[in-house]
Amino acid sequence: MQISDKQKYDKVIELSRRRGFLWRSFEIYGGTSGFWDYGPLGAALKRKIEEEWRKIYVIGEGFFEIETPTIGIKEVFVASGHVNNFVDVTVECTKCGAEYRADHLIRDATKPLVFEHGEDGTFSHVLETNVEGLDVKELDKIIREDDIKCPSCGGELGECYQSNLMFKTSIGAGEKKVGYLRPETAQGIFVDFPHLLRFYREKLPFGIVQIGKAYRNEISPRQGVIRLREFTLAEAEIFIDYMDDTHPTFERVEGEKVVLYPREDQNDEKEPKEMGIEEALNKKMIENEFLAYNIALAHKFLTKIGIPKEKIRFRQHKEEEMAHYASDCWDAEIETEQFGWIEVIGIADRGDYDLKAHSTASGQDLTLFKSFENPIKTKKKVIKPKMGKIGPVFKEKTPLVLKKLKEGKNEIKDGKISLEIDGEEITIGEEMYSLEEVEEEVYGERIIPHVIEPSYGVDRILYALLEHSYREESLNLETDLNLNDEKEDEKRIVLGFNAFLAPIDVAVLPLLTKEELIKKSRDVVEILKRENLLADYDDSGSIGRRYRRQDEVGTPFCVTIDFETLEDDTVTIRERDTMKQIRVEKKDLPNVLGRLREGEEFLKGP
RNA sequence: GCGCCGAUGGUCUAGCGGCAUGACUAGGGCCUUCCAAGCCCUAGACCCGGGUUCAAAUCCCGGUCGGCGCACCA
């Protein structure tokens, strides 16, 4: 059988395209890599995944959702570091015009530095120039100093320049203002920090989420739906007090077991290990309680939507792979057949990087006043100027003098204070001030919150879910009609989504294409619609064919209308996974379906 | 971005200088009392552009897209 020889990825993508989950974008024009459309069922599935996410973060955690533009002005991304750091350094040959990535060019041009003789008689280089983390000027310098030429024509290379991975655009007519399509939704949140702080009434910790599109102009996106140029992020930014990283509701994730793959174990090539989240925290494997909490939360989310536990692990980023803003980062990875372990969620400790950066760049105060439990009382001596003496002496310079004195950086020498005003040295004599001891109370301090950021790649999660939901079942049908001994097992393709995620909630099918049954079926569809269920009606082909159609798109239940329905107003509900049926009264249908959708065992009966 | 390979109905596929295969799917009808049954009918394709040739899906060149390897991946 041809189909079973194929990779699972191919089967999943084929089904997705055939049944309207995923389509390549711009297909009639040949398509463009890095862009995919969600078809009717794909869009529905994605929405339901996002809805589950909201249940956890918005309702569960109490993080409200905001929506900010997908285009950001240049200032935002200059401050955030994306304009400078989210780049590849490129260099162009002045003669033939070929373009190169400068770091690779240097690495290639300067290697091999050392050869090692392999056992199989081949040579391999073991050292290469370390170009990691060099900036434009440094790379440019190396090219000049080592006199590196164009590898294809030997021509002189031009100056290095940065090519940014953000999509650039202009705002308004005449390209007055430069904008970029956001590479993450987070910056919109940081920029709104003063509003958010007031909204949450100036108390830490608080969180805020955003679900939306983000854009990265990847040089060469591959791997189908895994690497996109336009993709959906579901991000939460959790603002915390770094002095107090006790999570207020840690008990919610107690007992959650996760597979962890810390940095050290990766370096030592050890296996990831499963452990309770409290243990990981106690052993300092995860440094921060908020990080640990959010790792557990991510694990809850992924298992809830139906990713098998054994296919989930959390891998800590190595130092060199972390983003420019992160001080620690754990990725949730899901194992897929096609791509191996893929990153689907990044849980980063962004520290105070972003707020600090935006504060500096905008000149705005992005701090929060944190009260001490007990005000700190200090006694200190302050200088009290005697205005009657100072005024007449310094005249119009008096305000400046007072200002200097207030700054408090005064050294008293032999009772005299020296100040520098407009480059001029002046002396305040003993008679011009008095020293008084005052008691000062400090009620708190201004702090910049730190940020913990769980960032979910919705598209990747959706793909992983499709792959893990896809199954083919062999049905051994004992047909007497099978005269030739060609024993061909019939194949059933099922997307085994949890009922609450399935794009179509329920299908209504007349057993036969008879007018009475069709009419009755239409009535049932109307009843289900009133319950806000997405009900599909289908009377084409045989009943078996219709069940298979629904199985293939993951519809959990089919309601079948037969001749008994006409007599006693009962219908059958057929479950996707077991293919078993129960008969219920038509009037109980919404109630029973509701309970089944909540996960009640199927054959328990009404 | 480099190298290798590929692109034919909605899906999968045969053909590889001379009428474009077949299966599945889909639409309509007949039949049919629960899991892709059967019968009849219908619809539907050579990635784009150039070249070679009497003739190109087929050969050549360029492009686009895809797969794999290298590289990249906040």
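Letters A, B, ... mirror the listed sequences (proteins, then strands); counts begin at 1. Computed from a prediction, not measured in an experiment: that's the story for all the values here.
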If the P atom of B:C59 is compared with that of B:C2, how far apart are they to the nearest Å?
24 Å
Rounding to an integer number of Å, can you tell me how far A:Leu165 CG sits from B:C73 P?
9 Å
C1'-based separation of B:G9 from B:C46 [nearest Å]:
10 Å
Can you check the A:Ile493 CD1 to B:U11 C1' distance for me, whole Å?
11 Å
Pairing partner of B:U52, by Watson-Crick or G-U wobble and under 3.5 Å for both distances, is none
Syn or anti for B:C19, with syn set at within 90° of 0?
syn
Does any nucleotide pair with B:A26 by Watson-Crick or G-U wobble geometry, both distances under 3.5 Å, and what is it?
B:U42
Between B:A56 and B:C19, how many Å separate the two C1' atoms, rounded to a whole number?
15 Å
side-chain hydrogen bond (donor to acceptor under 3.5 Å, both in side chains) partners of A:Asp536, counting only residues at least two apart
A:Gln550
Using OP1 and OP2 only, check whether a side-chain N or O of A:Arg227 sits under 4.0 Å from B:C73.
no
Looking only at atom P, what distance separates B:A20 and B:A45, rounded to whole Å?
13 Å
Whom does B:C19 pair with, Watson-Crick or G-U wobble, provided both distances fall under 3.5 Å?
none
Scanning all shown strands, the Watson-Crick or wobble mate of B:U33 with both distances under 3.5 Å is none
Nucleotide B:C73, atom P - distance to CE of A:Met166 in whole Å
16 Å
For B:C70, give its Watson-Crick or G-U wobble partner with both distances under 3.5 Å, or none.
B:G1
With a 4.5 Å cut-off on side-chain heavy atoms, are A:Glu235 and A:Val209 touching?
no
Using the C1' atom in both, what is the distance from B:A14 to B:G22, to the nearest Å?
7 Å
Taking the six-membered ring where the residue is Trp, are the ring centres of A:His450 and A:Tyr353 under 6.0 Å apart?
no
Between atom CD1 in A:Ile28 and atom P in B:A45, what is the gap in whole Å?
15 Å
Between the side chain of A:Thr169 and the main-chain N/O of A:Tyr180, is any donor-acceptor distance below 3.5 Å?
no
Is the terminal nitrogen or CZ of A:Arg350 (NZ for Lys, CZ for Arg) located under 6.0 angstrom from the six-membered ring centre of A:Tyr325 and within 45° of that ring's axis?
yes
Under 6.0 Å from the six-membered ring centre of A:Tyr537 and within 45° of its axis: does the NZ or CZ of A:Arg522 meet both?
yes
What is the pairing partner of B:C65, taking Watson-Crick or G-U wobble pairs with both distances under 3.5 Å in any strand?
B:G6
Would you kindly give the CZ-to-C1' distance between A:Arg17 and B:A45, to the nearest whole Å?
14 Å
Going 5' to 3' through nucleotides 24-34 of chain B and flagging B where a protein heavy-atom sits under 4.0 Å of the base, S where only the sugar-phosphate is that close, and - otherwise, we get -SSS---BBBB
For the C1' atoms, the ones on B:U53 and on B:C60, what distance do you get once it is rounded to whole angstrom?
12 Å
Starting at the 5' end of RNA chain B, which residue's closest nucleotide do you reach first, A:Glu575 or A:Glu343?
A:Glu575
Distance between the C1' atoms of B:C16 and B:U21, in whole angstroms?
14 Å
Assign A:Tyr29 to base, sugar-phosphate, or nothing according to its heavy-atom contacts below 4.0 angstrom with the strands shown.
nothing
Do the numbers put A:Arg315 on top of the ring of A:Trp330, so that NZ or CZ is under 6.0 Å from the six-membered ring centre and no more than 45° off the axis?
no
Under 4.0 Å, counting only non-hydrogen atoms across every strand here, what does A:Arg216 touch: a base, just sugar-phosphate, or nothing?
base
Searching all strands shown, indicate the nucleotide that pairs with B:U58 (Watson-Crick or G-U wobble; both distances under 3.5 Å).
none
Nearest-angstrom distance from the residue atom CZ of A:Phe26 to C1' of B:C48:
17 Å
Nearest whole angstrom, please: distance from the C1' of B:C73 to the CE of A:Met322.
16 Å
If you find the nucleotide of RNA chain B closest to A:Arg24 and the one closest to A:Glu184, which residue's nucleotide is nearer the 5' end?
A:Arg24
Considering only the C1' atoms, how many Å lie between B:A26 and B:G15, rounded to the nearest integer?
25 Å
Test: A:Arg574 and A:Asp551 ion pair at under 4.0 Å
yes
Do A:Lys580 and A:Glu575 meet the salt-bridge criterion of a basic N to acidic O distance under 4.0 Å?
no
Measure the distance from NZ on A:Lys491 to C1' on B:C35 and round it to the nearest whole Å.
17 Å
